[in-house]
Novice: 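Below is a structure I'd like to ask you about.
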Amino acid sequence: MSCIFCRIVDGDLPSRTVHETDQTLAFLDANPLAPGHTLVVPKEHYETVGDLPPEAAGPVFETVSAVTPRIERAVDADATTVAVNNGTAAGQEVPHTHVHVVPRFDGDDVGPIHRLFSARPSLSDAELDEIAAEIRG
Ligand code: 5GP
Ligand code: ZN
């Protein structure tokens, strides 16, 4: 099995685990963006958020919600950025879906995730209506 997060879940690779449930594992990122940077994964292998069945999606967010305040307390963070690089075009490198919980500090000058998008589209009301309808299906 080549998926590194499956190998961590199976105990074949070491990790600094901070929380474990029947369906999820939370462990420190090996190359942290900030002290306490944690990854939350489903134990089952699913590549993207959209691949998660409801019985896996719920527990992943339950674990995110359980560990986030503990992470903030542990590193005395003022806030956290909770984010998923969902798909390769979004920068996902490990193809086992995972939620990043990255501690944030007053004055860290990283900004909101909106800062990732320097050029924003200008969409008309009609285009927004069309997109919303398409998503509703
Ligand atoms: P992605 O770009 O896929 O959203 O993020 C993958 C994350 O996994 C990166 O932040 C990277 O530092 C982390 N990572 C990659 N390999 C390992 C590993 O073997 N152990 C741990 N703990 N984290 C890893
Ligand atoms: Zn996997």
Side-chain angles (χ1 to χ4, degrees):
M1 185 199 304
S2 60
C3 171
I4 51 175
F5 290 173
C6 282
R7 292 171 67 193
I8 286 173
V9 167
D10 291 345
D12 296 336
L13 282 178
S15 73
R16 292 185 174 87
T17 294
V18 299
H19 190 72
E20 181 169 11
T21 69
D22 287 349
Q23 286 140 314
T24 67
L25 194 69
F27 53 90
L28 294 187
D29 194 293
N31 296 290
L33 299 174
H37 180 179
T38 297
L39 303 174
V40 176
V41 304
K43 287 185 172 176
E44 290 284 322
H45 182 98
Y46 299 103
E47 187 162 340
T48 67
V49 168
D51 294 329
L52 286 167
E55 62 272 20
V60 167
F61 207 78
E62 280 172 25
T63 294
V64 169
S65 131
V67 296
T68 295
R70 288 158 53 176
I71 294 165
E72 291 178 354
R73 272 198 301 277
V75 299
D76 206 16
D78 299 301
T80 37
T81 292
V82 178
V84 178
N85 294 322
N86 192 40
T88 52
Q92 182 177 359
E93 292 186 350
V94 177
H96 180 134
T97 197
H98 49 282
V99 180
H100 294 262
V101 182
V102 186
R104 299 294 305 275
F105 301 89
D106 287 340
D108 66 14
D109 204 32
V110 176
I113 56 172
H114 295 64
R115 200 184 270 183
L116 291 170
F117 299 84
S118 50
R120 299 186 191 186
S122 177
L123 296 167
S124 67
D125 284 348
E127 288 170 314
L128 292 168
D129 288 344
E130 193 183 329
I131 292 165
E134 187 67 32
I135 295 170
R136 283 194 298 269

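As the structure lists them, so they are numbered: ligands from 1, and atoms in each ligand from 1.
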Novice: Considering non-hydrogen atoms of the protein only, which is the closest contact for atom 6 (C) of ligand 1, and what is the distance?
Specialist: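 The closest one turns out to be H98 NE2, 3.5 Å.
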Novice: Would you mind running through ligand 1 and noting each atom that sits below 4.0 Å from a heavy atom of Q92?
Specialist: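 Under 4.0 Å from Q92, ligand 1 has these atoms: 3 (O).
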Novice: May I have the list of side-chain donor-acceptor pairs in residues 62-69 shorter than 3.5 Å, sequence neighbours left out?
Specialist:
residue: T63; atom: OG1; partner: T24; partner atom: OG1; Å: 2.6
residue: T63; atom: OG1; partner: P59; partner atom: O; Å: 3.2
residue: T68; atom: OG1; partner: V64; partner atom: O; Å: 2.7

Novice: When only distance counts, is F5 in polar contact with ligand 1, meaning an N/O pair under 3.5 Å?
Specialist: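 Min N/O separation from ligand 1 is not below 3.5 Å for F5.
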Novice: Counting only heavy atoms closer than 4.0 Å, does ligand 1 sit against the backbone of R16, its side chain, both, or neither?
Specialist: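 No part of R16 comes within reach of ligand 1.
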Novice: Determine which pairs satisfy side-chain hydrogen bond (donor to acceptor under 3.5 Å, both in side chains) with at least one residue from residues 127-137, sequence neighbours left out, and list them in order.
Specialist: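 Matches after skipping sequence neighbours: S124-E127.
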Novice: Could you tell me whether I4 approaches ligand 1 through its side chain, its backbone, both or neither, with non-hydrogen atoms closer than 4.0 Å?
Specialist: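 The side chain, only.
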Novice: Any donor and acceptor pair, going by atom type alone, linking the side chain of K43 with main-chain N or O of T21 inside 3.5 Å?
Specialist: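 Yes; judged by distance alone, with no hydrogens or angles, the pair exists.
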Novice: Under 3.5 Å, side chain of Q23 to main-chain N/O of G58, donor-acceptor pair present?
Specialist: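 Answer holds: no.
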Novice: Are there over 12 heavy-atom neighbours, none belonging to F61, within less than 6.0 Å of that residue's CZ?
Specialist: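 Counting other residues, nucleotides and ligands, CZ of F61 stays at 12 neighbours or fewer.
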Novice: Nearest protein heavy atom to atom 7 (C) of ligand 1, by residue and atom, and its distance?
Specialist: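 So the nearest neighbour among protein heavy atoms is D29 OD2, 3.5 Å.
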Novice: Looking at D106, is its backbone amide N or carbonyl O close enough to the side chain of D78 to form a donor-acceptor pair, meaning the two atoms are under 3.5 Å apart?
Specialist: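 Checking the backbone N and O of D106 against the side chain of D78, a donor-acceptor pair under 3.5 Å is found.
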Novice: Please tell me if the side chains of F105 and V75 come closer than 4.5 Å, counting only heavy atoms from C-beta onward.
Specialist: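 The answer is yes; the side chains approach within 4.5 Å.
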Novice: Work out the angle at the Zn ion (ligand 2) between ND1 of H45 and ND1 of H96, rounded to 10°.
Specialist: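 It rounds to 110°.
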Novice: Taking 4.0 angstrom as the limit and counting only heavy atoms of N85, give me the atoms of ligand 1 inside it, by number and element.
Specialist: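 So the answer, numbered in order with elements, is 1 (P), 2 (O), 4 (O).
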Novice: Which bit of L39 is near ligand 1, meaning a heavy atom under 4.0 Å away: side chain, backbone, both or neither?
Specialist: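 For L39, the contact with ligand 1 is made by the side chain alone.
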Novice: Say whether I8 and ligand 1 are in contact under the criterion: heavy-atom distance to a ligand atom below 4.0 Å.
Specialist: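 So I8 counts as touching ligand 1.
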Novice: Among all protein heavy atoms, pick out the one at the shortest distance from atom 23 (N) of ligand 1; state its residue, atom name and that distance to 0.1 Å.
Specialist: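 The protein heavy atom lying closest is A30 N, 3.2 Å.
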Novice: What protein heavy atom sits nearest atom 22 (N) of ligand 1, and how far away is it?
Specialist: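 In this structure, atom 22 (N) of ligand 1 has L28 O, 2.9 Å as its nearest protein heavy atom.
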Novice: Within the side chain of D10, is there an N or O that forms a donor-acceptor pair under 3.5 Å with the backbone of D12?
Specialist: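 Such a contact is absent between D10 side chain and D12 backbone.
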Novice: Does the ring centre of H98 sit less than 6.0 Å away from the ring centre of H96?
Specialist: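 H96 vs H98: aromatic centres not under 6.0 Å.
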Novice: Are the side chain of R104 and the backbone N or O of G111 linked by a donor-acceptor pair below 3.5 Å?
Specialist: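 Answer holds: yes.
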Novice: Rounded to 10°, how big is the angle at the Zn ion (ligand 2) from C6 SG to C3 SG?
Specialist: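 Value returned, to the nearest 10°, is 120°.
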Novice: Would a distance-only check, ignoring hydrogens and angles, find a side-chain to backbone donor-acceptor pair under 3.5 Å from H45 to F5?
Specialist: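 No; judged by distance alone, with no hydrogens or angles, the pair does not exist.
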Novice: Compute the shortest N/O to N/O distance between G91 and ligand 1 and return yes if it is under 3.5 Å, no if not.
Specialist: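 Such a contact does occur with ligand 1.
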Novice: For E93 and ligand 1, does the shortest N/O to N/O distance drop below 3.5 Å?
Specialist: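 Yes, there is a polar N/O contact under 3.5 Å.
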Novice: Based purely on interatomic distance, does H37 place a nitrogen or oxygen under 3.5 Å from a nitrogen or oxygen of ligand 1?
Specialist: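 By distance alone, the answer is no.
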Novice: Please say whether L13 places an N or O atom under 3.5 Å from an N or O atom belonging to ligand 1.
Specialist: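 No; the residue has no nitrogen or oxygen that sits under 3.5 Å from a nitrogen or oxygen of the ligand.
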